[in-house]
Amino acid sequence: MMTASEIRQHFLDFFQSKGHTIVSSAPIVVKNDPTLLFTNAGMNQFKDYFLGNKKAPYNRVADTQKCLRVSGKHNDLEEVGVDTYHHTMFEMLGNWSFGDPENAVAGYFKSEAIAWSWELLTEIYKIDKERLYVTVFEGDVKENIPASSIALAEWKKIVAEDHIVYGNKKDNFWEMGDTGPCGPCTEIHVDCRSAEERNKIPGRELVNKDHPQVIEIWNNVFIQYNRKKDGTLEPLPAKHVDTGMGFERLVRVLQNKQSNYDTDVFSGTIEAIEKISGQKYQALDDKESIAFRVLADHIRAISFTIADGQLPSNTGAGYVIRRILRRAVRYYYSYLHYKQPLLFQLVPVIAKQFEKVFPELNQQTDFVGKVIKEEEDAFLRTLDKGLKKIDGIIDQAKEAKKQIISGTDAFELLDTFGFPIDLTRLIAQENNLSVDEEGFENEMKIQKERSRAATALDTEDWQTINEGNSNGFTGYNELEIESKILKLRKVKGKGKELYQIVLEKTPFYAESGGQIGDTGTLTINNQVINIIDTKKENDLIIHFTENIPSQLHGDVKVSVNKDRRKSISIHHSVTHLMHAALRNVLGNHVSQKGSLVNEEQLRFDFSHFAKVSDDELSRVEKMVNQKIRENIPVVIQSMNKEDAIAMGAMALFGEKYSDTVRVVVMDPNYSIELCGGSHVGNTGEIGFFKIKHESAVAAGVRRIEAVSGKAAEMLIMEQSEELKSINDLLKNPKNLSKAIENLQAENNSLAKRIEALEAHQLVGVRNELLQKDLVINQVNFIGEIVEVPSADALKKLCFDIKHHLTNHLIVLCSNIGGKAYVAVGVSESAITSKNLDASKIIKEIVGPAIIGGGGGQKTLATAGGQETGNFQKIIANIKSLL
RNA sequence: GGGGAAUUAGCUCAGUUGGCUAGAGCGCUUGCAUGGCAUGCAAGAGGUCACCGGUUCGACUCCGGUAUUCUCCA
């Protein structure tokens, strides 16, 4: 039996023998593509070749690609692990031909692709031909697309006719999206059923019918059309082959297993889970078995994504990772009854298994494991809090004699406290309650619609202005050039309307590698248009404007905002100096995990497992400033990737580098980095470097924010001015912080003394008032106008008197700052014997008389108002109640 | 990007229609008890109720904004 690694290797060797270049997998996390968070197919990294944005360096390519799918018609996250053949992360084996209109013999098309796929499956992998079925596009009358006659003819040469199935547009016409490259495809399916079953129903009747044993393993797409926004198709000048074969499925077929999880792709992980949890994997449909499959699947997705630089977070791609991880935690928590972090223990197993194919994980097992453990801990804490909340909800439901947890409550538990709905269901069941599923779904629907409406984006078709290739970026050396507008389109979203413009060549740096996009102007025919941002879509540089020039053809002058670019370059260059200094001071485990460079500051995230101490920060600052003063020339050169790595250049995990890389050197013994950003000519231009802030972003990741150049100057100026004015206020003391400490202490003790004095004063007033005590019908009555400093003191005074009189009614009035304040106190005994109520007295008698209002308890109530002339009347009125 | 929530003593948290002199447990200080420890008893200190504004006679409580954190959706 072939092992999984042998199967993978045979694929790559086979296509190498057919003239293909083997390339490495692109990172699983996608950057610079607004339509995609993760690589979800082998062709993603070649998208620009299909779109015609870029020319392919090789015409024939093959690889195995890490892919991630968590949504889509056939792969909902909630389904993974329930069956035995869907995955979040999977490997896609693929071979490609990139057509070249000028060199017809370079690539290949339908006949070769079909012949080779058959050869590989039947001769190398030795799959029984009787078990294989192929599908061919039958054509579409409505869209006027002809049937695939060439593909059919090719298949007929090698496959029996009753093994050819015709497919409609849904199954046999592939599209990249609503618009863009597309074309017919031909699929290869395998029938893995027993001989007996195959005799009963022929396999061809089960193709594309979602039968778990009759499955598609390979799809060959022939890209020959471009779909425009109005829905029409136009033929492409260059035709391409794009194929994809699910690796895990292929292994299952070749190893003759019932389930992907029984192959050696997953068996090692499952054994490890058995060892940790002390339970045995049964390969059934029960919750325990599902839990095993969920863990074995999810840990791969989580580990490789983090290794490629995407940390779990509460937004975007990071949130998808968090969700996958939490789903795994839920399963071991509920069904394997394991209540501590588990997943992180599997990282070394996966890392070892993929050491040769995807080494990026094995190179950082510690880091990935720590990040995962921290996430697991955090979620277990969230679960704890949610458990408390749901207890309260259940108590309430029981008290109200309800059998049901409302949809709103269930939704609130999820939405606000992150408590998963399946756990709510489980706990409800244990308490003989059910969950209002309809209400919950409804709330969920409302939330989804709201989010969708907020991000709706309407993109129109590109409008071609001038023919030509966009051949790129000139802005490393020139910031102002003459160019031409190639194409533009309108984009609507969030109530704003923007235009995207592509230029023949441009000095504008598009946001990437953490460096923010340039701004500037575009001038045509004396009309000046502001360029407000520059971004990349794959490798296409797109300029954003709020309006378009009235004349579009002809030469345009484009110029970058130079001052802003200078500040950005300063911050980018100093980031390199700081990165090197961090490695010097903290150690070589420091590696970049993210960065943001703009004109105002730099932000740098890096792996490090402890807080960076003040001392270490100041050593970093000193080292960087030393390097600035050395005024080192910044040397930038292009070279072969291998040579650059050999030179000691730092490459980042999760970055896709081409064979020729740009290397930025600031003193060959100090800092060498692969980098596409803009830089200063000499480090002296940076001027000065100052760290503003150090903080944590995730387990094992620290963040430093710092400034240089003008921004640093501004910061220091502001700080020293602030310091000066503080010094002035304190009459330039010898020791500033000591002086402030003294002030604070003095302020504290003065406040205490005032409090004591006021209390003492009130004692005097209280004693005077006690002298004026009248006994009316066995109740002690005190009704007086007093002078007190505050409404609070009036209340205190009232309490104080209450403590000295048992059976009482007290009315205290005071004019404080021109406003009327009244407090009424009644003893418990008077409440019952005389049917008195302080709050009622305040509301009915006092409130109207002082033109105000108030309230409180039966025993003590207070009021405030505008009218201070009616105090005697109020006292008399209340007295008469006795 | 769009929602929901949280922020009260050193820590974990109560505070139920706006008015209780803002509380509990743990921790801390002091004293007492015990040969010592574990501990027990008693007293005490400790709060800008995140911050800024508004409504109100009165705001921890209601409204708006800011910051930080959590959480869901895209």
Side-chain angles (χ1 to χ4, degrees), chain A residues 34-37 70-71 77 312-320 322-323 326 375 378-379 381-386 388-389 392 396 399 408-421 424 440-441 443-457 493-496 693 695-698 744 747-748 751-752 755 758-759 762 790-803 813-825 837-843 846-868:
Chain A
T35 63
L36 217 53
L37 291 176
V70 286
S71 60
L77 176 60
S313 76
N314 58 3
T315 164
Y319 181 58
V320 175
R322 176 167 286 174
R323 247 173 55 193
R326 291 185 166 194
E375 273 292 307
F379 186 53
R381 279 197 299 271
T382 301
L383 285 181
D384 265 352
K385 289 202 171 184
K388 275 189 197 166
K389 285 278 164 199
Q396 273 181 4
E399 246 170 66
T408 338
D409 279 344
F411 178 74
E412 197 199 354
L413 271 170
L414 172 76
D415 183 53
T416 304
F417 303 103
F419 201 74
I421 182 69
T424 302
F440 174 79
E441 286 303 328
E443 295 282 348
M444 208 69 199
K445 215 174 99 192
I446 294 169
Q447 148 129 312
K448 283 185 183 177
E449 269 160 23
R450 199 176 31 221
S451 289
R452 210 165 285 141
T455 45
L457 205 71
K494 286 173 272 166
K496 263 203 290 188
H693 194 59
S695 60
V697 254
Q744 282 176 330
N747 184 44
N748 231 330
K752 292 247 151 103
E755 206 180 315
E758 280 185 353
L762 285 180
S790 68
D792 205 38
L794 189 72
K795 210 192 227 175
K796 268 189 181 160
L797 187 59
C798 199
F799 268 107
D800 201 10
I801 296 171
K802 281 165 73 67
H803 290 146
C813 304
S814 184
N815 179 338
I816 304 165
K819 280 187 176 175
Y821 289 90
V822 179
V824 175
D837 180 337
S839 175
K840 221 167 143 187
I841 292 170
I842 280 288
K843 285 201 167 107
V846 181
I850 58 173
I851 314 180
Q857 276 68 55
K858 283 187 173 184
T859 52
L860 185 109
T862 56
Q866 313 295 325
E867 179 55 58
T868 55

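Keep in mind that this is a model prediction, so the values were computed, not measured. Chain letters run A, B, ... following the sequence lines, proteins first, then strands; residues in each count from 1.
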- prompt: Checking all strands, does A/G418 fall into the base, sugar-phosphate, or nothing category for heavy-atom contacts under 4.0 angstrom?
  reply: sugar-phosphate

task: Write down the distance between NZ (A/K448) and P (B/A74), rounded to a whole number of angstrom.
output: 5 Å

- prompt: Are any side-chain N or O atoms of A/K389 and backbone N or O atoms of A/E412, one a donor and one an acceptor, separated by less than 3.5 Å?
  reply: no

query: Is A/R323 close to A/R326 at the side-chain level, that is, under 4.5 Å between some pair of heavy atoms?
result: no

message: Suppose you measure atom P in B/C72 against the same atom in B/U56; what distance do you get, rounded to whole Å?
response: 40 Å

query: What's the CG-P distance between A/L413 and B/C72, to the nearest Å?
result: 12 Å

- request: Would you check if A/P420 and A/L383 make a side-chain contact, meaning some heavy-atom pair closer than 4.5 Å?
  value: yes

- request: Name the nucleic acid region contacted by A/F411, choosing base, sugar-phosphate or nothing; use a 4.0 angstrom heavy-atom cut-off, strictly under.
  value: nothing

message: Rounding to an integer number of angstrom, what distance separates B/U48 and B/A9 when you compare their P atoms?
response: 8 Å

task: With P as the reference atom in both, quote the distance from B/C20 to B/C37 in angstrom, rounded to an integer.
output: 45 Å

query: Do A/L414 and A/E443 come close enough that some side-chain heavy atom pair is under 4.5 Å?
result: no

message: Quick check for you: among B/C72, B/A74, B/C57, whose closest atom lies nearest to any side-chain atom of A/R452?
response: B/A74

task: Any strand is fair game: report the nucleotide pairing with B/C32 by Watson-Crick or G-U wobble, both distances under 3.5 Å, or none.
output: B/G40

Distance test, side-chain N/O of A/R326 to OP1/OP2 of B/U71, below 4.0 Å: yes

query: Which nucleotide in the set B/A5, B/C72, B/C57 lies at the smallest distance from any side-chain heavy atom of A/Q866?
result: B/C57

- request: Please determine, for B/A59, whether a Watson-Crick or G-U wobble partner exists with both distances under 3.5 Å, and give it or none.
  value: none

query: If you look at every strand shown and take non-hydrogen atoms under 4.0 Å, does A/G854 touch a base, only sugar-phosphate, or nothing?
result: base

query: Considering only side-chain heavy atoms of A/T862, which listed nucleotide, B/G19, B/G1, B/C70, is closest?
result: B/G19

task: Can you tell me the distance, in whole Å, between the CG atom of A/L414 and the P atom of B/C70?
output: 17 Å

message: Is there a side-chain contact between A/I421 and A/M444 in this structure, where contact means two heavy atoms from C-beta onward sitting under 4.5 Å apart?
response: no

task: Give one of base, sugar-phosphate or nothing for A/G316, where a contact means two heavy atoms less than 4.0 Å apart.
output: base

message: On the side chain of A/Q447, is there an atom forming a donor-acceptor pair with the base of B/C72 - under 3.5 Å, no angle test?
response: yes

- request: Would you give the length of the straight line joining atom OG1 of A/T382 to atom CZ of A/F419, rounded to the nearest 0.5 angstrom?
  value: 10.5 Å

query: Should B/U48 form a Watson-Crick or G-U wobble pair with both distances under 3.5 Å, which nucleotide is its partner?
result: none

- prompt: For B/A67, what is the paired nucleotide under Watson-Crick or G-U wobble rules, both distances under 3.5 Å?
  reply: B/U7

query: Phosphate oxygens OP1/OP2 of B/U69: is one of them under 4.0 Å from a side-chain N or O of A/R381?
result: no

task: Select base, sugar-phosphate, or nothing to describe what A/A861 touches, counting heavy atoms under 4.0 Å on all strands.
output: nothing

message: Starting the side chain at C-beta, find the nucleotide from B/C72, B/A74, B/G4 nearest to A/R323.
response: B/A74

message: Roughly how many Å apart are B/A24 and B/C70, using the P atom of each and rounding to a whole number?
response: 31 Å

- request: Among B/G4, B/C57, B/U21, find the nucleotide with the atom closest to the side chain of A/K796.
  value: B/U21

message: Heavy atoms from C-beta onward define the side chain here; which of B/U21, B/U71, B/G1 lies closest to that of A/R322?
response: B/U71

query: From B/A5, B/U21, B/G2, pick the nucleotide closest to the side chain of A/F417?
result: B/A5

message: Please pick, from B/C72, B/G58, B/U21, the nucleotide with the shortest atom-to-atom distance to any side-chain atom of A/F799.
response: B/U21

statement: pair_partner(B/U16), Watson-Crick or wobble, both distances < 3.5 Å, evaluates to none

task: Measure across A/Q857 and A/A838 and return the closest heavy-atom pair with its distance rounded to 0.1 Å.
output: O-CB, 3.6 Å

- prompt: Whole-Å distance between B/A74 P and A/D415 CG?
  reply: 12 Å

- line: Among B/U71, B/A5, B/C57, the one nearest any side-chain atom of A/N314 is B/U71

- request: Compare side-chain N and O positions of A/T382 against OP1 and OP2 of B/U71 and report whether any pair is under 4.0 Å apart.
  value: yes

- prompt: Taking atom C1' in both B/A59 and B/G3, what distance in whole Å separates the two?
  reply: 27 Å

message: Measuring only the C1' atom in each nucleotide, how far is B/A6 from B/C49? A whole number of Å is fine.
response: 14 Å

field: Side-chain touch A/T862/A/L794, heavy atoms, less than 4.5 angstrom
entry: no

- prompt: Applying a 3.5 Å limit to both distances, which nucleotide forms a Watson-Crick or G-U wobble pair with B/G1?
  reply: B/C73

statement: To the nearest angstrom, the CG-C1' distance between A/L383 and B/C72 comes to 15 Å

task: Considering just the side-chain nitrogens and oxygens of A/K795, establish if one lies under 4.0 Å of OP1 or OP2 belonging to B/C20.
output: yes

query: How many Å lie between CD on A/E449 and P on B/G4, as a whole number?
result: 16 Å

message: Using the C1' atom as the point on both nucleotides, what is the distance between B/G25 and B/U71, in whole Å?
response: 28 Å

- prompt: Now, which nucleotide makes the Watson-Crick or G-U wobble pair with B/U21, with each of the two distances under 3.5 Å?
  reply: none

- prompt: What interatomic distance, in whole Å, is found between C1' of B/G4 and the corresponding atom of B/G10?
  reply: 31 Å

